Amino acid sequence: LGARRRMCNKCNMPRKGYEDHFHKCKVYVKGMPKDITEEDVRFYFTKYGQLTEVELMKKKRCVHPRNAIITFKLEECALICVKNEHVINGTPCVVRFLR
């Protein structure tokens, strides 16, 4: 099945039977503001729990990062983060578990 079918559209969580296809502590964030910095990302997401790693991802043709991979220390923190809606610096962002 495609990635969309593995995820529930309503709650943004893996469907039953597909939990093992996702990292439990890592989340993928897309659609962030183009002027975002690693410090901004850390500051925003630490309210959900302790972070162990933040990786801003830049596209080859774009100088500004719009996506990130964030690793939480605890699975529960990542779960709470995925279940919430996010607006960073006025820009709505999508947060999902990393496949």
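In this chain, numbering begins with 1 at the start of the sequence shown. These numbers come from a predicted model, not from an experiment.
Here the side chains of P33 and I88 are in contact, with some heavy-atom distance below 4.5 Å. Using a 4.5 Å heavy-atom threshold, the side chains of K34 and R66 count as touching. Considering only heavy atoms from C-beta on, Y28 comes within 4.5 Å of N67 through its side chain.
Between the side chain of T71 and the backbone N or O of K26 there is no donor-acceptor pair closer than 3.5 Å.
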Only pairs under 3.5 Å count here: list side-chain donor-acceptor contacts from residues 41-49, not counting sequence neighbours, and write none if there are none.
{"from": "R42", "atom 1": "NE", "to": "E38", "atom 2": "OE2", "distance (Å)": "3.2"}
{"from": "R42", "atom 1": "NH2", "to": "E38", "atom 2": "OE2", "distance (Å)": "3.4"}
{"from": "Y44", "atom 1": "OH", "to": "H86", "atom 2": "ND1", "distance (Å)": "3.0"}
{"from": "T46", "atom 1": "OG1", "to": "R42", "atom 2": "O", "distance (Å)": "3.0"}
{"from": "T46", "atom 1": "OG1", "to": "F43", "atom 2": "O", "distance (Å)": "3.1"}

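For the residue pair L56 and M32, the shortest heavy atom distance occurs at CD2-CE, 3.9 Å. Here the closest heavy-atom approach between residue P92 and residue G90 is recorded as CD-O, 3.8 Å.
Note that CG of L51 is 5.5 Å distant from CZ of F72, once rounded to the nearest 0.5 Å. To the nearest 0.5 Å, atoms NZ (K30) and CZ (R96) are separated by 6.5 Å.
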Walk me through whether V27 and I69 qualify under side-chain contact (heavy atoms from CB on, under 4.5 Å). CA-CA 6 Å; V27 296; I69 296 174; over 6 Å; no

Please test V29 against V94 for side-chain contact (heavy atoms from CB on, under 4.5 Å), starting from the C-alpha separation and ending with a verdict. CA-CA 6 Å; V29 184; V94 176; over 6 Å; no

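Listed by chain and number, the residues in a side-chain contact (heavy atoms from CB on, under 4.5 Å) with E75 are K24, C25 (sequence neighbours excluded). Listed by chain and number, the residues in a side chain to side chain donor-acceptor pair (under 3.5 Å) with D40 are T37 (sequence neighbours excluded).
L74 and V95 fall into different hydrophobic clusters, where Ile, Leu, Val, Met, Phe, Trp and Tyr side chains are chained together by heavy-atom contacts under 4.5 Å.
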